[in-house]
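One structure is given below, encoded as structure tokens.
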Amino acid sequence: VLVIALPYFLLNQESQTSEHKVSAFEARMVQPFKELEALEEFRIEHQDQTYNFTSDGENLKSDQLITVEQEPLWEFIGQVISLQALTLEEAPEHTALEKKATYTFVQGESSEIELVLYDLAKADSYIGVITTRLGDKETEEVLEFPSLPVAVANFSPIYLEPVINFELGKLTEIGYQDELNKFHLSQESNFSQVE
């Protein structure tokens, strides 16, 4: 009986241990860009558009976005590199998800960090695939971003332009137009006080 029972007991013990290890996984916060030390080039890919910013030693310049000023650009880069994410026990299938944007930081000829963001379906978070290339070595990690700054999640070149300052009392009308609607806001109205 002992010869039959002992192997059975040991097998059960090993399976319980492995189950315990799996259930003991804890997500932890990580900073995917903490290894970033220098920046020679910054790339943004969004909706089939690619925006390249190259360093001239002091500033980042772009041939596509000439009106971009340094202060809003560096503020945007600061938002991206300060992102924090949660580690995942098992990477979800992300290739079928909606791709939001790709941000690439090039540190040198053989060193870059790339972040590809995806909308996580039916959740208020995002999946980010971090690819780090160092020479011939490439590593990939899938992370969950519980929240993102609006400019990072829904990129637009407008976020890289300087803020428009209007003097108090000088603004007379604001107009907005998209594919479906057109709005005009002003302090004057065709309506009477009763209307």
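Throughout, numbering of the chain's residues begins at 1 and tracks the sequence.
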Inset, instruction - Establish whether Leu39 and Val152 are linked, either directly or via other cluster members, by ILVMFWY side-chain heavy-atom contacts under 4.5 Å. - result: yes

Legend entry - Atom pair CD/CD of Glu75 and Glu69 - distance to nearest 0.5 Å: 11.0 Å

Legend entry - Hydrophobic cluster membership, Val106 vs Leu65, 4.5 Å side-chain cutoff: no

Inset, instruction - Return yes when atom CD of Glu161 has more than 12 non-hydrogen atoms of other residues, nucleotides or ligands closer than 6.0 Å, and no otherwise. - result: yes

Inset, instruction - State whether the number of non-hydrogen atoms from other residues, nucleotides or ligands found under 6.0 Å of Glu173 atom CD is greater than 12. - result: yes

Legend entry - Distance, nearest 0.5 Å, that separates CZ of Phe105 from CD of Glu40: 14.0 Å

Legend entry - Modelled atom types, side-chain donor and acceptor of Thr104 and Glu112, under 3.5 Å: no

Legend entry - Student check: side-chain heavy atoms of Asp63 and Asn52 closer than 4.5 Å: no

Inset, instruction - Taking the side chain as every heavy atom from C-beta outward, state whether Ile130 and Pro32 have any atom pair closer than 4.5 Å. - result: yes

Legend entry - Gln107 (side chain) donor-acceptor with Glu37 (main chain) under 3.5 angstrom: yes

Legend entry - Nearest-0.5 Å distance that lies between atom CD in Glu114 and atom CD in Glu138: 8.5 Å

Legend entry - Inter-residue atom distance Thr131.OG1 - Ile113.CD1, 0.5 Å rounding: 10.5 Å

Legend entry - Value rounded to 0.5 Å, distance of CZ in Phe42 from OH in Tyr103: 7.0 Å

Inset, instruction - Flag the pair Pro149 / Leu83 as yes when at least one side-chain heavy-atom distance between them is below 4.5 Å, and no otherwise. - result: yes

Inset, instruction - Could you tell me whether the side chain of Gln70 and the main chain of Leu60 form a donor-acceptor pair under 3.5 Å? - result: yes

Legend entry - Interatomic spacing from CD1 in Ile44 to CD1 in Ile77 - rounded to 0.5 Å: 7.5 Å

Legend entry - Transitive ILVMFWY side-chain link Val142 to Val30, under 4.5 Å: no

Please set out all donor-acceptor pairs under 3.5 angstrom arising from side-chain atoms of residues 153-160, sequence neighbours excluded.
residue, atom, partner, partner atom, Å
Asn154, OD1, Lys100, NZ, 3.0
Ser156, OG, Ile158, N, 3.3

Inset, instruction - Kindly give the heavy-atom pair with the smallest separation between Ala85 and Phe145, and that separation in Å. - result: CB-CE2, 3.6 Å

Inset, instruction - Answer whether the closest heavy-atom distance between the side chains of Arg43 and Thr102 falls below 4.5 Å. - result: no

Inset, instruction - Check the pair Glu141 / Thr87 against side chain to side chain contact (heavy atoms under 4.5 Å, CB included), numbers first and verdict last. - result: CA-CA 9 Å; Glu141 186 176 14; Thr87 56; 4.3 Å; yes

Legend entry - Same apolar cluster (I L V M F W Y, side chains within < 4.5 Å links), Leu115/Phe76: yes

Legend entry - Hphob cluster co-occupancy, Val80 + Phe53, side-chain heavy atoms under 4.5 angstrom: yes

Inset, instruction - Measure centre to centre between the rings of Tyr118 and Tyr126, then say whether the value is under 6.0 Å. - result: no

